[in-house]
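Accompanying notes for the structure given below.
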Amino acid sequence: MLSEDDVARFHREGFLFFPDVFTPAEVAVLAEEAVGIFDHERKEIWREKSGAPRTAFAAHTYNEAFGLLGRHPRLIRPVEQVFGEPLYMHQFKINAKAAFDGDVWQWHQDYGTWLRDDGMPEPRAMNISVFLDEVMPINGPLMLIPRSHRHGTLAAGHDLETTSYPLWTLDKATVTRLVEEGGIVAPTGKPGGVLMFHGNLVHGSAGNITPYPRKIVYLTLNAVSNFIRTPTRPEWIAHRDFAPIVPVPDDALARYARMRRAAA
Ligand code: SIN
Ligand code: MN
């Protein structure tokens, strides 16, 4: 559960970071599974222009460990608390930010895409992410502009060229103005850290030219009443199953990790 202080900070700053939410054993099994997932060729896995893995969508639907993560109470409950209603999974992705080849994510607001491409009525969805590798200042950490969510949904251009993934991105003048006000932060830390941020919080990340991969898994949780009205993207990018998520027991992932270790 979030404290009153956490909730106030979330509304003020637009994000919360908790460095130690999942244990090394819980996160190790996820990191291992993620590597195996990226080894496959399937339509849900996008590659950088270089061919390196960029994003694996919808892994919670075909991988047991990520299925448990997608219903994990340590991720579902805090977001439920902020929105005050049950949630469904709007999107689920593992971003690889591969060693040497991980490409940029230009400055953007996620709700800009959810509104324009999916017909989501309000910014009552947000990302809650889990670090699968150590996120360092040098391996392309996610950068956030604190308090930028207070500006609502900003004008954006559809970038279909820079990277392999289409995104509604913000121009330099807008980013400069927001940064003058809020600065930039890049939460870093060990695998198992959790970062949640408002759908209108401006964020992006630089390329990764280090030998250290930076895998982060993002659950995009939407309030059930805020289901998407006019989707244009495939079902495995913007899900159409609006059934409320029923969380698994808190130890479900730890038990799965123990079982996998015993079987190895
Ligand atoms: C995103 O903004 O959706 C992903 C950015 C990142 O993983 O660096
Ligand atoms: Mn984003």
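Side chains included, hydrogens not; waters and symmetry mates left out as well; all remaining heavy atoms used.
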**Request:** Is it possible for you to say whether Val79 and Phe15 belong to one hydrophobic cluster, with membership spreading through side-chain heavy-atom contacts below 4.5 Å?
**Result:** no
**Request:** For the pair Asp241 (side chain) and Ala243 (backbone), establish whether a donor and an acceptor sit closer than 3.5 Å, ignoring hydrogens and angles.
**Result:** yes
**Message:** Could you measure the distance from the CD1 atom of Ile145 to the CG atom of Leu178? Nearest 0.5 Å is fine.
**Reply:** 5.0 Å
**Request:** Could you grab the distance from atom CZ of Arg233 to atom CD of Gln91, nearest 0.5 Å is fine?
**Result:** 5.5 Å
**Message:** Assess, by modelled atom type and distance only, whether the side chains of Glu33 and Asn63 contain a donor and an acceptor separated by less than 3.5 Å.
**Reply:** yes
**hydrophobic_cluster_shared for Val248 and Leu253, side chain cutoff 4.5 Å** = yes
**Asked** Just checking, Arg54 and Trp105: is the charged tip under 6.0 Å from the six-membered ring centre and within 45° of the axis?
**Response** yes
**Asked** Do the ring planes of Phe227 and Phe242 sit parallel (below 30°), tilted (30 to 60°) or perpendicular (above 60°)?
**Response** tilted
**Message:** Let's go through Met196 and Ser129 carefully: what are the C-alpha distance in whole Å and the side-chain angles of both, what is the deciding distance for side chain to side chain contact (heavy atoms under 4.5 Å, CB included) to 0.1 Å, and is it a yes or a no?
**Reply:** CA-CA 6 Å; Met196 61 191 267; Ser129 61; over 6 Å; no
**Item:** Side-chain heavy-atom pair Pro123, His198 within 4.5 angstrom cut-off
**Value:** yes
**Message:** Any heavy-atom pair between the side chains of Arg229 and Pro121 that's under 4.5 Å?
**Reply:** yes
**Request:** Assess Arg116 against Tyr111: is NZ or CZ under 6.0 Å from the centre of the six-membered ring, and within 45 degrees of the ring's axis?
**Result:** no
**Asked** For Asp117 and Thr232, does a side-chain donor sit closer than 3.5 Å to a side-chain acceptor?
**Response** no
**Prompt:** Does the distance from a Lys or Arg side-chain N to an Asp or Glu carboxylate O, for Glu235 and Arg240, drop under 4.0 Å?
**Reply:** no
**Request:** Would you check, one step at a time, whether the test side chain to side chain contact (heavy atoms under 4.5 Å, CB included) holds for Ile228 with Tyr88?
**Result:** CA-CA 11 Å; Ile228 55 173; Tyr88 78 90; 4.0 Å; yes
**Asked** Any idea which heavy atoms bring Pro78 and Pro73 closest together, and the distance?
**Response** CD-O, 3.7 Å
**Fill in**
CG of Leu195 to OG1 of Thr188, rounded to nearest 0.5 Å, is 11.0 Å
**Item:** More than 12 heavy atoms of other groups within 6.0 Å of Asp251 CG
**Value:** yes
**Prompt:** NZ/Lys190 to CD/Glu134 distance, rounded to the nearest 0.5 angstrom?
**Reply:** 4.0 Å
**Message:** Regarding Gln106 and Thr163, do their side chains bring together a donor and an acceptor under 3.5 Å, going by distance alone?
**Reply:** no
**Request:** Search all heavy atoms of Val194 against all heavy atoms of Phe22 and return the closest pair with its distance.
**Result:** CG2-CE1, 3.8 Å
**salt_bridge(Arg150, Glu13) N-O dist < 4.0 Å** = no
**Message:** Strictly distance-based, threshold 3.5 Å: is any side-chain N or O of Arg147 a donor or acceptor partner for the main-chain N or O of Gly14?
**Reply:** no
**Message:** Set out, in order, the CA-CA distance, both residues' side-chain angles and the distance that settles side chain to side chain contact (heavy atoms under 4.5 Å, CB included) for Leu2 and Phe18, then state yes or no.
**Reply:** CA-CA 11 Å; Leu2 302 174; Phe18 303 102; 3.7 Å; yes
**Side chains of His203 and Met143 in contact at under 4.5 Å (non-hydrogen atoms)** = no
**Asked** Taking Arg214 for the side chain and Gly140 for the main chain, is one N or O donor matched with an acceptor at less than 3.5 Å?
**Response** yes
**Request:** Examine Arg12 relative to Phe10 and say whether NZ or CZ is less than 6.0 Å from the centre of the six-membered ring and inside a 45° cone about the ring axis.
**Result:** no
**Item:** Donor-acceptor contact below 3.5 Å, side chain Glu26 vs main chain Ala257
**Value:** no
**Request:** Report yes if the side chains of Leu144 and Ile184 come closer than 4.5 Å at any heavy-atom pair, otherwise no.
**Result:** no
**Request:** Verify the distance criterion only: is there a donor paired with an acceptor across the side chains of Asp110 and Asn127 at less than 3.5 Å?
**Result:** yes
**Request:** Taking all heavy atoms of Met120 and all of Leu115, pick out the closest pair and write down the distance.
**Result:** O-CD1, 3.6 Å
**Message:** With a 3.5 Å distance limit and no angle check, can you tell me whether Gln109 reaches the backbone of Leu154 through a side-chain donor-acceptor pair?
**Reply:** yes
**Item:** Sole residue of Asn226, Asp118, Thr220, Asn222 in side-chain hydrogen bond (donor to acceptor under 3.5 Å, both in side chains) with His90
**Value:** Asp118
**Request:** Could you check if a side-chain atom of Phe92 sits within less than 4.5 angstrom of a side-chain atom of Thr61, using non-hydrogen atoms only?
**Result:** no
**Message:** Taking Arg74's backbone N and O only, do any of them form a donor-acceptor pair with His72's side chain (distance below 3.5 Å, no angle check)?
**Reply:** yes
**Item:** Derivation of the ring pair (Phe, Tyr, Trp, His ring centres under 6.0 Å) call for His60 and Phe66
**Value:** CA-CA 5 Å; His60 67 306; Phe66 285 104; 9.5 Å; no
**Asked** Cluster question for you: counting only ILVMFWY and a side-chain heavy-atom cut-off of under 4.5 Å, with indirect links fine, are Ile216 and Val185 together?
**Response** yes
**Message:** When you measure from the side chain of Ser148 to the backbone of Val202, do you find a donor-acceptor pair of N or O atoms at a distance under 3.5 Å?
**Reply:** yes
**Prompt:** What about Tyr62 and Leu219, same hydrophobic cluster or not, with Ile/Leu/Val/Met/Phe/Trp/Tyr joined at side-chain heavy-atom distances under 4.5 Å?
**Reply:** yes
**Prompt:** Is the backbone N or O of His11 less than 3.5 Å from a side-chain atom of His149, with the two atoms forming a donor-acceptor pair by type?
**Reply:** yes
**Item:** Distance, nearest 0.5 Å, that separates CG of Leu16 from CZ of Arg9
**Value:** 5.0 Å
**Prompt:** Salt bridge between Asp103 and Lys49, side-chain N to carboxylate O under 4.0 Å?
**Reply:** no
**Item:** Inter-residue atom distance Glu48.CD - Asn208.CG, 0.5 Å rounding
**Value:** 10.0 Å
**Request:** Say whether Leu69 and Met126 are linked into one hydrophobic cluster, either directly or through other cluster members, by side-chain heavy-atom distances under 4.5 angstrom.
**Result:** yes
**Request:** May I ask you to decide whether Asp133 forms a salt bridge with Lys215, counting only side-chain N to carboxylate O separations under 4.0 Å?
**Result:** yes
**Message:** Using a strict threshold of under 4.0 Å (side-chain N to carboxylate O), is an ion pair present between Arg124 and Glu122?
**Reply:** no
**4.5 Å side-chain heavy-atom contact, Lys97 and Pro213** = no
**Request:** Using the ring of Phe57 (Phe, Tyr or Trp, six-membered ring only), decide whether Lys93 places NZ or CZ under 6.0 Å from its centre and within 45 degrees of its axis.
**Result:** no
**Item:** Ion pair Glu41/Arg47, N-O distance below 4.0 Å
**Value:** yes
**Complete:** Between Leu221 and Leu75 the two heavy atoms that sit nearest each other are CD1-O, 3.9 Å
**Prompt:** Crowded around Ile138 CD1? As in, over 12 foreign heavy atoms under 6.0 Å?
**Reply:** yes
**Prompt:** Between the side chain of Thr176 and the main-chain N/O of Lys172, is any donor-acceptor distance below 3.5 Å?
**Reply:** yes
**Request:** Compare every heavy atom of Ala252 with every heavy atom of Leu68, then report the nearest pair and how far apart it is.
**Result:** CD1-O, 3.8 Å
**Asked** Do Trp114 and Trp168 come close enough that some side-chain heavy atom pair is under 4.5 Å?
**Response** no
**Item:** Sub-4.5 Å side-chain heavy-atom contact between Ile37 and Ile94
**Value:** yes
**Request:** Please check if the side chain of Asp159 supplies one atom and the backbone of Thr169 the other of a donor-acceptor pair under 3.5 Å.
**Result:** no
**Asked** With the threshold set at 4.0 Å, does a side-chain nitrogen-carboxylate oxygen contact exist between Arg177 and Glu180?
**Response** no
**Item:** Over all atoms of both residues, closest heavy-atom pair of Pro187 and Pro141
**Value:** O-CB, 4.4 Å
